[in-house]
Structure formats: C-alpha cells, structure tokens
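Okay, so here's the structure we're looking at.
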Amino acid sequence: MDPKAVKSDLVLILDFGSQYTHLITRRIRALSVFSLCISGTSPLSSITSLNPKVVILSGGPHSVHSNDSPSFAEGFVDWAQSNGVFVLGICYGLQLLVQRLGGEVRVGEKQEYGRMDIEVEKNCGIFGGKKVGDKQVVWMSHGDEAARLPDGFKVVARSQQGAVAAVEDRGRKFYGLQYHPESEGTPGSLSQTFRVAAHSMLALGRAWETALSGDNTFGCWGLVTHSPEGMETLRYFLFDVCGVNAGWKMEDVMDEEIEVINNTVAPDDHVICALSGGVDSTVAATLVHKAIGDRLHCVFVDNGLLRYKERERVMETFERDLHLPVTCVDASEQFLSKLRGVVDPEMKRKIIGKEFICIFDAFAHELEQKVGKKPAFLVQGTLYPDVIESCPPPGSGRTHSHTIKSHHNVGGLPKDMKLKLIEPLKLLFKDEVRQLGRILKVPEPFLKRHPFPGPGLAVRVLGDVTEGNALDIVRQVDEIFIQSIKDAGIYDSIWQAFAVFLPVKSVGVQGDQRTHSYVVTLRAVTSQDGMTADWYCFENSFLKEVSQKICNNVRGVNRVTLDITSKPPSTIEWE
C-alpha cells in the first residue's frame with residue numbers, strides 16, 4: 001500500500017517510544033483517516049516524502065534533559081512551518097516541541113501520573129468546541145513539565161495542580177497536549193465487566209465498592225476510561241482545526257493493493273503464498289488471487305506444530321469454501337528434527353523461519369519444472385503489529401528494534417532468501433484485515449478464527465517441543481479448552497484463547513493413587529489489535545468444568561492453571 005495513493009490526508013505519527021503510540025494510529029484510522037507510524041528519529045526526507053497534512057509527536061519514556069533523548073530531525077520545524085503542516089505534540093512530544101522552539105522544560109514540583117482533571121483556560125484551537133472553565137478527566141503520565149513557553153505559544157488548559165496541560169501557537173499551527181487523548185479506553189469490555197462483576201459481587205464484598213469508586217484494583221474488571229473525551233478531542237483537532245479529509249475506506253485499500261500487486265508481478269510471473277490457516281495469510285492469498293488468478297500457488301506446510309486436527313480442518317476449508325489452489329506439504333519431521341533440544345524461544349522462531357523458507361524454495365523449484373518459470377515472489381500475511389513489535393523504540397541506542405519477538409514474517413527470515421516478498425497487509429491491523437476479508441467474501445466463521453502464531457505450538461510448549469509427549473498434551477488440552485469456549489457461546493467475545501504446556505511436574509491424586517504429572521495453563525485475552533490486551537474473565541463454573549474435563553481426559557496432566565496477566569507487562573503468547 002502506497003501511502004501517497006491513499007484517498008485521505010495522511011496523519012503521520014513520529015514514535016518516541018510511548019506504549020500508547022499504536023493507539024494513536026488506531027484511533028485516527030477509526031475516523032476514516034489514514035495514519036502511519038514511523039520512528040521519531042527518522043530523517044527529514046522520510047517525513048517529507050510521505051507529504052503528511054498532520055504530524056503527531058508521540059509520548060515516550062525519556063526526558064528532554066537526557067543526553068541520549070530522541071528528537072525529530074534537524075530542519076523539521078522549518079519544514080512544517082513553511083509547508084503549513086499541523087504539528088501536535090503529546091506528552092514527551094509537547095515537551096520536545098517546547099524545548100526545541102526555545103522554551104523551558106523542567107522537572108515538575110509535583111509529578112502527575114494517572115487520571116487527573118484539567119480545566120480549559122481558552123476556548124480556541126484544539127479546545128475551540130469547549131467553554132472556558134470546562135473540565136475533563138484525562139490520563140497524565142509525566143514528571144517533567146513546560147515551565148516557560150516559546151514565543152507565540154499560549155496555555156489553553158491546566159491540570160488541577162496548575163501544570164500546563166495544553167498549549168498552542170495557532171499562527172505556526174503547532175499544538176501540544178501534556179496528556180494522552182488516545183488512551184480513551186478499551187472498547188468491548190463493558191458487557192464482560194458487568195457480567196463478571198455481578199457474578200463476583202457476593203464473593204468479593206467490599207471489593208465491589210472499591211471497583212465502583214474508580215479504584216480498579218482487580219485487573220479482572222479491566223474497563224479503562226483513561227481520557228474519556230480523548231477521541232472527541234482528536235476528532236475536533238483533525239477535522240475542525242486541521243481540516244483533514246476523511247476518505248480512507250477498506251474498499252480503496254483493496255483496489256489499491258490489487259493495482260500494486262499487478263504493477264509488481266509481471267504478466268508471466270508466478271507467485272507462491274504461504275498459507276498458515278489463519279485469517280491473515282488467507283485474506284492475503286484471496287487478495288492476490290483476485291489480482292493474478294491461477295498464477296498464485298498456495299502451499300500449506302504441516303510443520304508438526306499444528307493444533308489438534310488442524311491440517312484436515314484447514315485443507316477442507318480451503319477446498320470447500322475458499323476455492324484456493326493449495327498444495328499441502330508434510331514437513332513435520334524436518335521441523336521437529338531441527339528443533340530437538342532447543343529451548344530458547346527466539347532460537348525456535350529463527351529455526352522455524354529458516355525451515356519455512358527452505359520449504360518454499362523447494363516448492364518453487366518443483367513449480368518451475370511444472371510451469372517452466374521459477375516463481376519470483378512469496379506472499380505473506382504480515383500485519384502492522386508484526387512490523388511494530390519487530391522494530392525498536394527510539395532512544396534505545398539500537399539501530400533496529402529492542403525486539404519484543406522476532407516475527408517469523410519479519411525478523412525470522414534469512415537474509416539470503418531467494419524469493420521476493422509481497423506483503424499486502426503489512427500496514428493493516430487485525431480488525432482491518434477482517435474488514436478486508438468481508439469485502440473479499442471470505443466466510444465469516446473463518447474471519448472470526450482466533451489468531452494462531454506462525455511458529456505454532458513451538459511457542460506454546462515451554463522448553464524442548466520434542467521432549468516426551470508435550471505436543472500431544474497441549475493439543476488435547478487446547479482442543480478441550482477451545483471447544484468448551486465455543487459451547488459456552490463466548491468464542492467471539494475473546495480475541496485469542498489457547499493452552500500452554502509447562503515443563504513442570506506436580507504431585508496429584510488421581511484414582512486414589514499418587515501422580516507426578518505435568519502442569520498446563522489456559523490463556524484467554526480480549527483485545528482490538530493484539531498490541532495491548534486484557535485477560536478474559538471466565539465464570540467460575542466454566543473454569544471448574546474445563547479443569548475437570550482436562551484432568552479426566554488428558555493423560556499426563558494433573559494440574560490446570562489460568563494466566564491472569566494483561567499485555568503489557570506480558571506478551572499474549574507465552575514463548
């Protein structure tokens with residue numbers, strides 16, 4: 001997808017390392033405005049080549065006083081001013097803007113973290129739709145504060161402690177918010193919140209009063225309303241202040257991607273697509289197939305790390321519902337032999353990525369014998385979160401990412417790969433991919449499938465995946481867990497659910513005998529895009545029933561645990 005071809009003004013986010021940066025991108029796209037996120041330290045040429053109408057400077061964990069604090073490129077301010085580009089600094093971005101324009105930032109007398117009231121002092125610019133004296137609750141997260149503003153700037157809102165909360169220089173089109181408008185909340189968790197809260201009220205007693213008072217002590221409730229009016233502030237800024245044109249639609253994305261594919265792939269070229277059975281690769285394959293027809297050759301690899309009966313189920317879906325040309329390759333022994341004895345999760349990903357490419361190269365060679373020309377391209381369903389999580393935060397001192405994980409589509413690919421990549425979804429989030437899939441008429445049940453990692457069960461078996469019967473155990477446990485979720489009618493309410501095998505044994509009593517068997521854990525989360533997630537709150541009766549089914553039906557397991565960790569601090573997958 002070429003950002004310059006999008007039928008919408010571009011809002012470009014310069015990322016300085018905030019955990020909320022991806023949320024800004026998501027919030028803006030939800031307004032039908034195309035937004036992209038690039039490193040805050042990108043060269044000026046990278047910014048100007050995208051021709052943005054608005055640039056947002058994100059927050060970040062740094063202090064502008066640190067010698068190694070990241071900053072935008074030299075000449076950025078002059079370029080923005082001379083081209084009439086609107087600039088909005090958020091948190092660290094505001095402080096950076098103030099300091100670089102000649103103002104003063106200092107350590108605040110009172111640091112501000114969490115929810116806080118702010119009051120509008122001037123109803124102009126970003127608060128043009130407000131009245132002087134209007135208050136709103138926002139999410140603060142800063143220790144430094146703007147003490148003296150650059151020439152031309154005015155304070156338009158302050159916190160209840162008197163700190164600068166919003167500033168603007170309307171003449172130069174520079175604006176700043178000391179809080180995070182993008183951290184508006186976690187949509188979709190309300191019904192779950194009240195269902196679980198009601199279920200737990202009697203058991204938790206006073207804890208219910210605590211939850212109602214706003215002290216979200218129990219992560220189980222997970223309803224976060226950090227800056228309740230944040231979305232409206234962003235909307236007013238983009239449309240009323242900046243005059244942004246909202247014209248970004250998924251239909252346009254589809255048409256543009258088809259055009260890009262046709263311009264990339266020559267009329268006599270053939271293309272291989274790596275199908276995993278997941279939503280991402282399936283939508284990518286369907287899109288490419290729409291563009292080039294039968295010159296697309298899909299391959300589904302059974303790497304020995306699939307879920308229970310995954311191969312049979314996925315191949316049936318491909319043939320019956322999607323009508324895609326798919327070849328199934330059984331490479332179980334090839335993968336498992338290379339993984340034998342490997343316990344490091346990052347090494348597992350690298351090995352799996354390399355073996356996949358070996359398979360694709362061999363498939364390409366066979367295809368060359370068949371069609372008379374060697375395929376030149378490989379299609380992958382890489383998404384925007386995959387790219388983001390494989391790239392580094394600015395100011396980390398690394399030219400590449402402080403890697404959360406090496407995605408097999410991104411960091412796990414060998415440098416000497418012979419096939420060139422086509423990644424039509426790499427600027428889209430998961431929910432956007434599902435929208436695109438609906439337009440392409442991919443069956444709804446397939447689009448609603450929970451994500452499954454490319455490395456498969458290798459990242460859901462901690463330790464050596466080939467040791468003992470770990471893979472068989474996790475397959476059986478996962479099948480019971482997922483089927484129970486479907487039977488309970490809550491599958492679509494959960495972003496992702498799965499079982500994890502732990503290389504830990506515990507003492508139990510089964511059949512009046514002492515056992516020494518493995519421990520498994522269950523994981524289920526709610527999310528919008530996989531970048532952040534809350535753990536899903538099951539009713540106690542459901543957990544009790546699932547635990548009994550697992551211990552009664554899966555030999556080698558005598559203890560079931562539940563993962564109740566959000567992301568952050570954990571990742572969704574266990575690795």
I'd like to know if the side chain of [X] and the backbone of [Y] have a donor-acceptor N/O pair within less than 3.5 Å.
X: Thr571; Y: Lys567; result: no
X: Asn552; Y: Gln548; result: yes
X: Ser566; Y: Asp534; result: no
X: Asp361; Y: Cys358; result: no
X: His270; Y: Leu367; result: no
X: Lys348; Y: Ala458; result: yes
X: Arg295; Y: Pro267; result: yes
X: Asp68; Y: Pro70; result: no
X: His289; Y: Leu296; result: no
X: Ser337; Y: Glu333; result: yes

Once rounded to the nearest 0.5 Å, what's the spacing between atom [atom1] of [X] and atom [atom2] of [Y]?
X: Ile13; Y: Leu57; atom1: CD1; atom2: CG; result: 10.5 Å
X: Lys544; Y: Glu539; atom1: NZ; atom2: CD; result: 14.0 Å
X: Ile439; Y: Thr286; atom1: CD1; atom2: OG1; result: 13.0 Å
X: Ile422; Y: Glu257; atom1: CD1; atom2: CD; result: 10.0 Å
X: Asp344; Y: Asp464; atom1: CG; atom2: CG; result: 12.5 Å
X: Leu322; Y: Leu440; atom1: CG; atom2: CG; result: 10.5 Å

Using a strict 4.0 Å threshold on nitrogen-to-oxygen distance, state whether [X] and [Y] make a salt bridge.
X: Asp431; Y: Arg434; result: no
X: Lys373; Y: Asp268; result: yes
X: Asp478; Y: Arg475; result: no
X: Arg26; Y: Glu432; result: yes
X: Glu259; Y: Lys290; result: no
X: Lys549; Y: Glu545; result: yes
X: Asp302; Y: Arg311; result: yes

Hydrogens and angles aside, do [X] and [Y] bring a side-chain donor and acceptor to less than 3.5 Å of each other?
X: Asp487; Y: Gln483; value: yes
X: Asp563; Y: Thr521; value: no
X: Asn558; Y: Thr515; value: yes
X: Arg523; Y: Ser570; value: yes
X: Ser281; Y: Ser276; value: yes

Whether over 12 other heavy atoms sit under 6.0 Å from [X] [atom1]:
X: Asn263; atom1: CG; value: yes
X: Arg313; atom1: CZ; value: yes
X: Lys441; atom1: NZ; value: no

Assess [X] against [Y]: is NZ or CZ under 6.0 Å from the centre of the six-membered ring, and within 45 degrees of the ring's axis?
X: Arg460; Y: Phe498; answer: yes
X: Arg307; Y: Phe452; answer: yes
X: Arg559; Y: Tyr518; answer: no

With side chains defined as the heavy atoms from C-beta onward, is the minimum distance between [X] and [Y] less than 4.5 Å?
X: Tyr384; Y: Lys426; answer: no
X: Val459; Y: Arg349; answer: yes
X: Leu421; Y: Gln380; answer: yes

**Study point:** Closest contact, heavy atoms only, Val461 versus Ala470
**Key:** CG1-CB, 3.8 Å
Point to revise | Minimum-distance pair of heavy atoms, taken over all atoms of Ala291 and Asn262 | key: O-OD1, 3.2 Å
Practice item. Using the six-membered ring wherever Trp is involved, compare the ring planes of Phe538 and Tyr536 and label them parallel, tilted or perpendicular (cut-offs 30° and 60°). Key: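 It falls in the perpendicular class, over 60°.
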Practice item. Please work out which of the three classes, parallel, tilted or perpendicular, describes the rings of Phe481 and Phe542, given edges at 30° and 60°. Key: tilted
Check your understanding: Between Phe363 and His297, does a ring-ring contact (aromatic ring centres under 6.0 Å, His included) hold up when you go through it step by step?
Key -> CA-CA 10 Å; Phe363 182 73; His297 308 271; 7.3 Å; no
Point to revise | Gln496 and its side chain to side chain donor-acceptor pair (under 3.5 Å) partner, picked from Lys430, Glu573, Arg449 | key: Glu573
Practice item. Indicate, with yes or no, if the rings of Tyr491 and His450 have centres closer together than 6.0 Å. Key: yes
Check your understanding: Where do Arg438 and Glu251 land on the salt bridge (charged side-chain N to carboxylate O under 4.0 Å, His left out) test, with the steps shown first?
Key -> CA-CA 10 Å; Arg438 291 184 183 99; Glu251 289 83 357; over 6 Å; no
Exercise for review: Tell me, with the steps shown, if Leu336 and Leu471 meet side chain to side chain contact (heavy atoms under 4.5 Å, CB included).
Suggested key: CA-CA 11 Å; Leu336 295 179; Leu471 285 170; 4.0 Å; yes
Check your understanding: Given Phe335 and Phe356, is the ring-ring contact (aromatic ring centres under 6.0 Å, His included) satisfied, shown in steps?
Key -> CA-CA 9 Å; Phe335 278 83; Phe356 268 126; 5.1 Å; yes
